[in-house]
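This is a predicted model, so every value here is computed, not measured. Note that ligands are numbered from 1 as they come in the structure, with each ligand's atoms numbered from 1 the same way.
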Amino acid sequence: MPNRMLKFVNLDLKMPDKRAAATRREDFDEIYQEFDPAKAAGQASRCSQCGVPFCQVHCPLHNNIPDWLMLTAEGRLEEAYELAQSTNNFPEICGRICPQDRLCEGNCVIEQAGHGTVTIGSIERYITETAWDRGWVKPVKPLRELAASVGIIGAGPAGLAAAEQLRRRGYQVTVYDRYDRAGGLLIYGIPNFKLEKDVVERRNALIAEAGVTYKLNFEVGRDATLEELRQRHDALLVATGVYRARDIKLPGAGLGNVFAAMDYLSASNRKGLGDAVPAFDDGTLDAQGKQVVVIGGGDTAMDCVRTAVRQGAKSVKCLYRRDRHNMPGSQREVSHAEEEGVEFVWLSAPEAFLGDQVVSGVRAVRVHLGVPDSSGRQTPQLVPDSSFTVEADMAIKALGFDPEDLPKLFGEPELGVTRWGTISIDYKTLMSNLDGVFAAGDIVRGASLVVWAVRDGRDAADQIDRYIQAKATGETVASVAAE
Ligand SMILES: Cc1cc2nc3c(=O)[nH]c(=O)nc-3n(C[C@H](O)[C@H](O)[C@H](O)COP(=O)(O)OP(=O)(O)OC[C@H]3O[C@@H](n4cnc5c(N)ncnc54)[C@H](O)[C@@H]3O)c2cc1C
Ligand code: SF4
């Protein structure tokens, strides 16, 4: 495993010169220049130890950031690592891919005072990568083995965080996943340039070493019903994420080279993992030399445009119906995309995909933002007679994700879901309406963030432990939850 290098500032990629000089893919890695401990200590010592740790409050895991910054500044890295890993199962992953501008760093008082945030995410990554390099990262070792077993459906960050926490307590844990690799969207969604896959696979191996059993290529609904798994385990956790891509029903949607974001991104990730991907190798899902138009304004859209840049697209445009200020994605991601040469076509709603057999353009119409709706967001209104066409050889739809129909998929019509299709849970016990069936991550929140999935997985592990212990002593779960 090569030493992961630390980088404190964003890439200095100015288009078009650097892009022209870059070869495909490799030259655009988001990451890592020479790792320099003095720089890390210097950066960590910028923390003013302000006493009102807004960074910690705004980290979903409430990481003890001020203390591990202080330890890093003092060169006490092993202690810094111990502290960082005590609240986070995947600190080097969150350090890489949390939208820190919306979480810890965005709330740093130094940032608020206009002096630029302490680069908390980079330091979290640095501390943990140092720990890996120096052999401080060890598989969890339960103090005693318990007979009770827990089945976890979904090997994404929510399922894996729960698996590790439950294993720590001695439970026998089996994780079921329909993919061929564990990691969920860490492997097949988030692009390589933001999160290298060996970093995820290293964690998967550590969790297996701790004694968690993976059953991969195992789809609940196809290979077992939910009820069958309930019979097999003392408790179940559903952490299946959200995978039903939102679609736009536009004329021409059936043309060639119009793709869903996950098809495009997972082909690129599989390629990065060394898999044979015929649809990429024959050029279909490769953006090289193409005029790419991505529709959408969230983080998935940003991942698509930035992947297309790295694949050597001729041009990359992002069509979004609101303006920059109203984009749901991280502003940092948008700035990175702009630096890399992506052109944003704000206030534009697609009307049709144009072309004969394959797409040759996207017709869009100008949008005006009207009065705010009940959610406070301004409603997009189409400007009459303002249609225009953007040329495209490849169009990617990145409009977000909804849950699949889990009661149907799992063969369990009694499983309670919300009107959005997410699993309904009791927010104290994190249990669904089915006794002993818990849920965590995106399948409860809707599409969210890795750090929230980790938080949910850890909380679910606590509640599953309480549930199983309460059952063993004959208590009711409700009385446990009310403690
Ligand atoms: C393209 C993209 C980029 C993103 N980038 C970021 C980012 O930069 N930073 C960030 O914080 N968040 C990002 N996110 C969001 C983040 O990846 C998710 O919020 C997070 O992965 C949710 O974790 P999860 O464990 O709930 O679900 P997932 O990671 O989706 O994992 C769910 C797992 O369940 C499995 N599964 C589903 N159904 C079944 C079944 N029936 N049987 C067996 N297994 C099943 C799936 O195969 C999958 O492995 C991104 C999301 C996408 C789509
Ligand atoms: S987990 Fe995310 S939000 Fe929390 S400190 Fe790390 S980078 Fe910041």
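Ion pairing of Asp177 with Lys215 is absent here, as no side-chain N (NZ or NE/NH1/NH2) approaches a carboxylate O to less than 4.0 Å. Between Lys271 and Asp286 there is no salt bridge, since no side-chain N of the basic residue sits under 4.0 Å from a carboxylate O of the acidic one. A salt bridge links Arg102 with Asp299: the distance from a Lys NZ or Arg NE/NH1/NH2 to an Asp or Glu carboxylate oxygen falls below 4.0 Å. The pair Arg181-Asp275 counts as a salt bridge, with a side-chain nitrogen and a carboxylate oxygen less than 4.0 angstrom apart. The pair Arg324-Glu338 meets the salt-bridge criterion, with a side-chain N (NZ, NE, NH1 or NH2) lying under 4.0 Å from an Asp/Glu carboxylate O. Salt bridge Arg178/Glu404: present, at least one basic N to carboxylate O contact under 4.0 Å. In this structure, Glu340 pairs ionically with Arg310, as a charged nitrogen and a carboxylate oxygen lie closer than 4.0 Å. Note on Arg167 versus Glu209: no salt bridge recorded, every NZ/NE/NH1/NH2 to OD/OE distance being 4.0 Å or above. Using a cutoff of 4.0 Å between basic side-chain nitrogens and carboxylate oxygens, Asp263 and Lys397 are not scored as salt-bridged. Taking 4.0 Å as the cut-off between side-chain N and carboxylate O, Arg230 and Glu227 count as a salt-bridged pair.
Aromatic ring pairs are classed by plane angle as parallel below 30°, tilted from 30° to 60° and perpendicular above 60°; the pair Trp346 and Phe344 is parallel.
Among all non-hydrogen protein atoms, the one lying nearest atom 2 (Fe) of ligand 2 is Cys98 SG, 2.4 Å. For atom 36 (N) of ligand 1, the nearest protein heavy atom (residue, atom name, distance) is Arg178 NE, 3.8 Å. Among all protein heavy atoms, the one lying closest to atom 4 (Fe) of ligand 2 is Cys59 SG, 2.4 Å. Nearest protein heavy-atom contact of atom 34 (O) of ligand 1 is Gly154 CA, 3.2 Å. The protein atom (non-hydrogen) at minimum distance from atom 3 (C) of ligand 1 is Asp303 OD2, 2.9 Å. Regarding atom 17 (O) of ligand 1, its nearest protein heavy-atom neighbour is Leu185 CB, 3.4 Å. At the shortest separation from atom 52 (C) of ligand 1 among protein heavy atoms lies Thr300 OG1, 3.8 Å. Here the heavy atom of the protein found nearest to atom 31 (O) of ligand 1 is Gly156 CA, 3.4 Å. The shortest contact between atom 42 (N) of ligand 1 and any protein heavy atom is with Val220 N, 2.9 Å. At the shortest separation from atom 5 (N) of ligand 1 among protein heavy atoms lies Ile190 CG1, 3.4 Å. Among all protein heavy atoms, the one lying closest to atom 8 (Fe) of ligand 2 is Cys104 SG, 2.3 Å. Atom 1 (S) of ligand 2 has Asn63 ND2, 3.4 Å as its closest protein atom, hydrogens excluded (heavy atom only).
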Test side-chain contact (heavy atoms from CB on, under 4.5 Å) on Glu105 and Val118; report intermediate values, then the result.
CA-CA 7 Å; Glu105 294 180 13; Val118 175; over 6 Å; no
Check against ring-ring contact (aromatic ring centres under 6.0 Å, His included), Tyr176 and Phe218
CA-CA 6 Å; Tyr176 302 90; Phe218 187 108; 4.7 Å; yes
For Asp459 and Arg455, what are the C-alpha separation, side-chain angles and deciding distance, and is it a salt bridge (Lys or Arg N to Asp or Glu O under 4.0 Å)?
CA-CA 6 Å; Asp459 288 349; Arg455 166 72 194 270; 3.0 Å; yes
Working note: Val292 + Lys317, criterion side-chain contact (heavy atoms from CB on, under 4.5 Å); need CA distance, chi angles, decisive distance, verdict.
CA-CA 6 Å; Val292 178; Lys317 293 192 172 70; over 6 Å; no
Using side-chain hydrogen bond (donor to acceptor under 3.5 Å, both in side chains), reason through Asn107 and Gln56 one step at a time and then give a plain yes or no.
CA-CA 9 Å; Asn107 290 281; Gln56 184 169 3; over 6 Å; no
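For ligand 1, the atoms sitting less than 4.0 Å from at least one non-hydrogen atom of Leu265 are 1 (C), numbered in the order shown with element in parentheses. Heavy-atom proximity to Phe401, at under 4.0 Å, picks out these atoms of ligand 1: 53 (C). Within the listing of ligand 1, atoms 10 (C), 11 (O), 12 (N), 19 (O) sit less than 4.0 angstrom from a heavy atom of Leu449. Interface atoms of ligand 2 facing Val451, defined by a heavy-atom separation under 4.0 Å, are 1 (S). Annotation for ligand 1: atoms under 4.0 Å from non-hydrogen atoms of Gly441 are 26 (O). Counting atoms of ligand 1 from 1 in the listed order, those under 4.0 Å from a heavy atom of Tyr179 are 47 (O), 49 (O). Proximity to Phe218 (heavy-atom distance under 4.0 Å) selects the following atoms of ligand 1: 42 (N), 43 (C). The atoms of ligand 2 that sit less than 4.0 Å from any heavy atom of Cys94 are 1 (S), 7 (S). Within the listing of ligand 1, atoms 1 (C) sit less than 4.0 angstrom from a heavy atom of Gly189. Taking every heavy atom of Leu103 and a limit of under 4.0 angstrom, the matching atoms of ligand 2 come to 3 (S). Which parts of ligand 1 touch Gly241 is read off a 4.0 Å heavy-atom cut-off, strictly below it: atoms 27 (O), 30 (O), 32 (C).
Atom CZ in Phe90 sits 13.5 Å away from atom CZ in Arg96 (nearest 0.5 Å).
Outside the 6.0 Å centre-distance limit, the rings of Tyr243 and Phe401 are not counted as a close aromatic pair.
Not a single N or O atom of Leu409, backbone or side chain, sits closer than 3.5 Å to an N or O atom of ligand 1. For ligand 1, the polar-atom distance check against Ala158 finds a nitrogen or oxygen pair separated by under 3.5 Å.
Under a 4.0 Å heavy-atom criterion, Ala239 is in contact with ligand 1. Residue contact annotation: Asp299 has no non-hydrogen atom under 4.0 Å from ligand 1. Within the structure, the closest approach of Trp452 to ligand 1 does not fall below 4.0 Å when heavy atoms are considered. Using a 4.0 Å heavy-atom cutoff, Tyr188 is absent from the residues neighbouring ligand 1.
Relative to atom 22 (C) of ligand 1, the option among Asp442, Leu216, Val450 with the closest non-hydrogen atom is Asp442. Nearest to atom 30 (O) of ligand 1 by heavy atom, out of Tyr243, Tyr264, Phe410, is Tyr243.
Checking Val451, Val450, Val454, Leu449 one by one against Pro60, the side-chain contact (heavy atoms from CB on, under 4.5 Å) holds for a single residue, Val451.
Of all the N, O or S atoms in Glu124, the one closest to atom 6 (Fe) of ligand 2 is OE1.
Contacts of Thr240 with ligand 1, taken as heavy-atom pairs under 4.0 Å, involve both backbone and side chain. Looking at Lys194 against ligand 1, only its side chain comes within 4.0 Å, counting heavy atoms. Contacts between Leu160 and ligand 1 below 4.0 angstrom, taking non-hydrogen atoms only, are absent altogether.
Between the side chain of Asp393 and the backbone N or O of Val359, no donor-acceptor pair lies under 3.5 Å.
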